[in-house]
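What follows is a single structure, written as structure tokens, with notes after it.
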Amino acid sequence: MSRYEPSVIEPKWQSAWEEAQTFRADRSEDKPKYYVLEMFPYPSGRIHIGHVRNYTMGDVIARYKLSTGHNVLHPMGFDAFGMPAENAAMAIGGHPKDWTYSNIDTMVSQMKPLGFGLDWSRMFATCDPEYYGQQQALFIDMLDTGLVYRKNAVVNWDPVDMTVLANEQVIDGKGWRSGAEVERRELTQWFFKISDFSEELLDALDGLDDWPAKVKLMQANWIGKSRGLQFAFSTVDAPDGFDRIEVYTTRPDTLMGASFVGISPDHPLAKQLEQDNPDVAAFCAEARKGGTTAEAIEKADKLGFDTGLRVRHPFDTAWELPVYIANFILMDYGTGAIFGCPAHDQRDHDFCTKYELPIVDTFLPLEGDFDIQAAPYVPTKSEKVRYTRPIAGETEQTGDDAVNAAIDLCEANGVGQGVTKFRLRDWGLSRQRYWGCPIPVVHCDKCGVVPEKKENLPIALPDDVTFDVPGNPLDRHPTWRDCTCPNCGGAATRETDTMDTFVDSSWYFARFTAPRATTPTDMAEAEYWMNVDQYIGGIEHAILHLLYSRFFARAMHITGHLPETAKEPFNALFTQGMVTHAIYQTKGADGRPVYHYPEDVELRDGKGFLQDGTEVQIIPSAKMSKSKNNVVDPVQIIQQYGADTARWFVLSDSPPERDVEWTASGAEAASKHLARVFRIASEIAGSDVPTTKEDEPLLREMHKAIFDVTGGVESFGFNAAIAKLYAFTNTLAKSKAGSDAKKTAALTLAQLMSPMTPHLAEEIWQVLGGEGLIANAPWPQADDAMLVEDMVTLPIQINGKRRGEIDVPKDLPKDEVEKLALAHHSVQKALDGGTPKKVIVVPGRIVNVVV
RNA sequence: GCGGGCGUGAUGGAAUGGUAGACAUACCAGACUUAAAAUCUGUUGGGCCUUGUGCCCGUGUGGGUUCGAGUCCCACCGCCCGCACCA
């Protein structure tokens, strides 16, 4: 009997699949299609164990769907543009292109030994001119249809990466990649008109039944719909052109509690006043400088500057309110102006207390006293309150009802209109970087901004660039900018901005359906393969990538590159958890922690020790990080245990949506188990035992295993499926059944394991004489008749507590079951001669006697 | 502040409202071995004494619905995540 040697069998079966083109996807009308996709990787240089988990889950689905008769598309590519390549060029020299393609080669060579059932013939990288050229074509189509536009805007400038960032890429006021404090600059930039789709992107979330509720909620919050009243305060003695100040509020029911009007330092009126009044200018300059970090915002004083201007209250023209410029009012939300109601808002309360403005309540709690001068009263909008100064009549109602009534009344009286606002801003896509997709437009003195002709695409990046000075190499390239205007034929210059790399990943899933097409997509292929039936990736993309992709799918439909049915491109989404690893640390001489590599730590009784006997502190389940020395390298794992062990382990133990901790003992156990399965199967292959009475119980267990594992795979319960496979293996190992039954069971075991451990499964399949490749074998079917036992064990409860059990035929009528249960000694004891109050018999499940 | 999620043995976790702790790790004991590794077998939620086909308790805490609750409802405690000067 031979040993289980993954290093021998794994390459063997990978070659067999490649030779048979098992995972090549071609359009075919006689099978239902299934498109499974994992979020494609950035070519950082090495694959990470998180990639292994992500792609293994996708592969389980892909292989399972293949064996259930689907035409499966399971492609792989690389999200290859981006800053790290430029940083590498700056740090170690060389060219971003060489760095990127060499990394891709390395990562492909690391991924192939994992045996994923991928159609490698479809692979591309987003930095391939064939890909980004089509992206440029798409951009031009979007420009034609008004989905892209150019405007002067205050943007987020990352001073380290020296580029503009989208709002979505600014986290706590810092660049998402560089971590540098973002500055505000005014530049002319390209924007995608995603805000036109706010309502639609929000509404369509409802139809995404197979998306995690959490992701849908995060997107809904991000889009940020609010209903409110927009109206104007008329001004008293204001500069020309400022007769009115437009204000937006979600709480028009508190209008009678208004104490001041506040405007943003960036508000046109503030800018006007700034010109004549140095005090205003100084205040505004100071306010604009204020940090944008959450911490800075938290600490920053709410500062106001009394402009001396007055406005009239819309309901009482004799009532005048002061106009303040305030540092906490944002120009890019609402109208850049607010009215302050200190009675029902903490911030306004603080502000009015500080500047000694009146605090007047508009509603109070239904019962009890409330000192509105001391604190604001801020109930939820669904809470019923007592209106002390109602706008639309009712005195006792909820905030929601009062708001709606107030909007209706204001509209009726011409005071303002009910409007719906969204938080979602247009997506600024210009980046002042080299390693990205060039924006395919030229600047002509005569014609202005002109899109390139499609026949000139791709507008390729020049290779002869240097990174010895900061900034965009395209800007300082001697000749690349020079071009002729596609419109008038005169001399013109190219746009040197490139696209945000999130553009690249917003349509790659569509490109996979026809990766070599000479248009962005091939409609026949797109109609056949779209949508992605199952998309799998990290929760960190819940907003950015997934929202952008949803927008792009719509844009591609409008520009004729995707069918209408693909407007929501991902039918089902699964967000998998991370692979974590313990951190082993001791305290260094300087008091700072010293991190130890797992191989230097010996684990005994749940404690860790260094070679010299020093105990280390174990921090369990931490995110892998190079600086914490707790990174597990998949390449090493594959060398040590083989791909199947790595695949088996990352799927077992934890539910796939949760984090799983990589442990040496767990990997060891997975490896041992696979070796055991191999051994059991080999023994069965060589055995010759006649049929026994143990055959049927084994086959029954087999059918239960088919049922449970199938259910587990279908519902992303991979950990539960694996637990069932362990249990079934134990049953098979102990079974005294004859060889034929055992062979059948072992073949089925191989099939059930094949999506997770495909190499081992093929090997066993071959050893046991299975026909062809197991990858192509039809998935086993559970026989319903074999799932139910003739005899069932029913637990007997007395008052809901388990007190015994009886074995009864499964079809025994209820009253017979009841009789048997009542005859049970524990029931007799409990009844003590009396009669039960009630007997509940749930056929096949349980008997409960109430005494 | 707003929104969402999660609390089950030493550990990861299982359980369509119906036998809580499947499966695995770790630990302990045994077989094989000169020994170790490997392999195989068995034990392991807590408590009680009368050692049984025994009794009591047990899924963060307190209450509720139900014949029956880890699961559903309410309140609280703890942890995690997302958003946030958003008007």
Side-chain angles (χ1 to χ4, degrees), chain A residues 3 171-172 212-222 224 226 228-229 247-251 254 262 264 290 292 294 296-298 300 302 326-330 332-341 345-348 350-351 378 380 421-423 539-540 542-543 603-606 620-621 649 652-655 657-661 663-666 668-670 672-673 675-676 679 708 711 717 719-730 733-734 793-805 824-826 836-842 844-851:
Chain A
R3 279 176 50 228
I171 296 148
D172 288 346
K214 183 187 171 76
V215 172
K216 289 190 278 187
L217 197 75
M218 281 165 72
Q219 291 213 355
N221 287 340
W222 187 264
S226 71
L229 179 75
V247 163
Y248 172 71
T249 178
T250 56
R251 291 310 296 258
T254 65
S264 162
T292 44
I297 287 164
E298 199 69 39
K302 309 296 180 234
N327 63 347
F328 56 85
I329 301 169
L330 307 173
D332 63 358
Y333 189 82
T335 62
I338 62 161
F339 80 82
C341 176
D345 182 276
Q346 184 67 55
R347 190 189 56 202
D348 291 348
D350 295 346
F351 190 87
V378 192
T380 68
K421 295 252 184 222
F422 293 92
R423 211 182 70 106
I539 186 77
E540 67 274 19
I543 297 173
L603 295 173
R604 289 195 303 265
D605 291 354
S621 204
F649 180 80
S652 60
D653 279 8
S654 282
E657 68 276 13
R658 243 183 269 179
D659 291 351
V660 63
E661 182 170 0
T663 59
S665 58
E668 194 69 42
K672 279 181 191 175
H673 177 72
R676 180 167 175 247
R679 206 166 46 240
D708 289 347
N719 57 325
I722 283 181
K724 186 66 195 178
L725 287 167
Y726 269 109
F728 180 50
T729 305
N730 292 341
K734 285 177 189 166
T793 302
L794 290 186
I796 297 175
Q797 292 182 334
I798 294 166
N799 295 335
K801 290 185 193 293
R802 185 176 173 279
R803 284 295 178 269
E805 56 187 42
H824 193 270
H825 63 86
S826 59
K837 284 197 189 118
K838 201 172 179 183
V839 181
I840 290 118
V841 179
V842 185
R845 294 233 77 125
I846 206 161
V847 182
N848 191 10
V849 182
V850 186
V851 297

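Below, read A as the first sequence line, B as the second, and so on, with proteins coming before strands; counting in each chain starts at 1.
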Name the nucleic acid region contacted by [X], choosing base, sugar-phosphate or nothing; use a 4.0 angstrom heavy-atom cut-off, strictly under.
X	value
A:Val850	sugar-phosphate
A:Ser652	nothing
A:Leu217	sugar-phosphate
A:Ala669	sugar-phosphate
A:Glu661	nothing
A:Lys672	sugar-phosphate
A:Pro655	sugar-phosphate
A:Asn719	sugar-phosphate

Of all the nucleotides listed ([options]), which has the minimum atom distance to the side chain of [X]?
X	options	value
A:Tyr726	B:A24, B:C85, B:U19	B:A24
A:Ala723	B:G18, B:G3, B:A22	B:A22
A:Arg658	B:C83, B:A14, B:A26	B:A14
A:Lys734	B:A84, B:G42, B:A87	B:G42
A:Lys801	B:C57, B:A84, B:C85	B:C57
A:Lys302	B:U19, B:C83, B:C85	B:C85
A:Asp653	B:A87, B:U41, B:G12	B:G12
A:Arg802	B:G18, B:A20, B:C81	B:A20

Using whole Å, what does the distance between atom [atom2] of nucleotide [N] and atom [atom1] of [X] come to?
X	N	atom1	atom2	answer
A:Glu657	B:G13	CD	P	10 Å
A:Asp350	B:A87	CG	P	17 Å
A:Asp708	B:A22	CG	C1'	11 Å
A:Ile846	B:A69	CD1	P	11 Å
A:Asn327	B:A87	CG	P	18 Å
A:Glu805	B:G18	CD	C1'	14 Å
A:Lys724	B:A22	NZ	C1'	9 Å
A:Lys421	B:A87	NZ	P	12 Å

Please tell me if [X] has a side-chain N or O lying less than 4.0 Å from either OP1 or OP2 of [N].
X	N	value
A:Asn730	B:A22	no
A:Arg803	B:C56	yes
A:Arg347	B:C86	yes
A:Tyr248	B:A87	no
A:Arg679	B:C40	yes
A:Lys838	B:C67	yes

Euclidean distance for [atom1], [N] against [M] (whole angstrom):
N	M	atom1	answer
B:C57	B:G21	C1'	16 Å
B:G9	B:G5	C1'	24 Å
B:G62	B:G78	C1'	15 Å
B:U11	B:U65	P	34 Å
B:G46	B:A22	P	13 Å
B:C81	B:C85	C1'	22 Å
B:G3	B:C74	P	14 Å
B:G7	B:C76	C1'	14 Å

Worksheet item: Can a donor-acceptor pair under 3.5 Å be found between the side-chain atoms of A:Asn848 and the base atoms of B:C67?
Response: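 Such a pair exists between side chain and base.
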Non-hydrogen atoms of [X] and [Y] that approach each other most closely:
X	Y	answer
A:Arg676	A:Ala733	NH2-CB, 3.6 Å
A:Ala670	A:Phe649	CB-CB, 4.2 Å
A:Ile543	A:Gln219	O-NE2, 4.0 Å
A:Phe339	A:Asp348	O-OD2, 4.2 Å
A:Tyr333	A:Lys421	OH-CB, 4.2 Å
A:Arg845	A:Leu794	N-CD2, 3.4 Å

Discussion item. Between A:Ser826 and A:Leu603, which residue's closest nucleotide on RNA chain B lies nearer the 5′ terminus?
Written reply: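 Taking each residue's closest nucleotide, the earlier one in sequence belongs to A:Leu603.
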Worksheet item: Which residue, A:Gln797 or A:Thr663, contacts RNA chain B at a nucleotide closer to its 5' end, judged by nearest heavy atom?
Response: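 Residue closer to the 5' terminus by nearest nucleotide: A:Gln797.
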Fill in: Minimum side-chain heavy-atom gap A:Cys341-A:Arg251 below 4.5 Å
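A:Cys341 does not reach A:Arg251 side chain to side chain.
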Discussion item. If we ignore hydrogens and angles and just use 3.5 Å, is the side chain of A:Ser654 paired with the main-chain N or O of A:Asp659 as donor and acceptor?
Written reply: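 Yes.
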Item to complete: Give me the ring orientation class for A:Tyr726 and A:His673: parallel if the planes are under 30° apart, tilted from 30 to 60°, perpendicular past 60°.
Response: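 Ring orientation, 0 to 90° scale: tilted.
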Worksheet entry | Watson-Crick or G-U counterpart of B:G12, or none if no pair lies under 3.5 Å |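 Paired with B:C23.
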Worksheet item: Taking O4'-C1'-N9-C4 for purines and O4'-C1'-N1-C2 for pyrimidines, is B:G46 syn (within 90° of 0) or anti?
Response: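 Anti for B:G46; the angle lies over 90° from 0.
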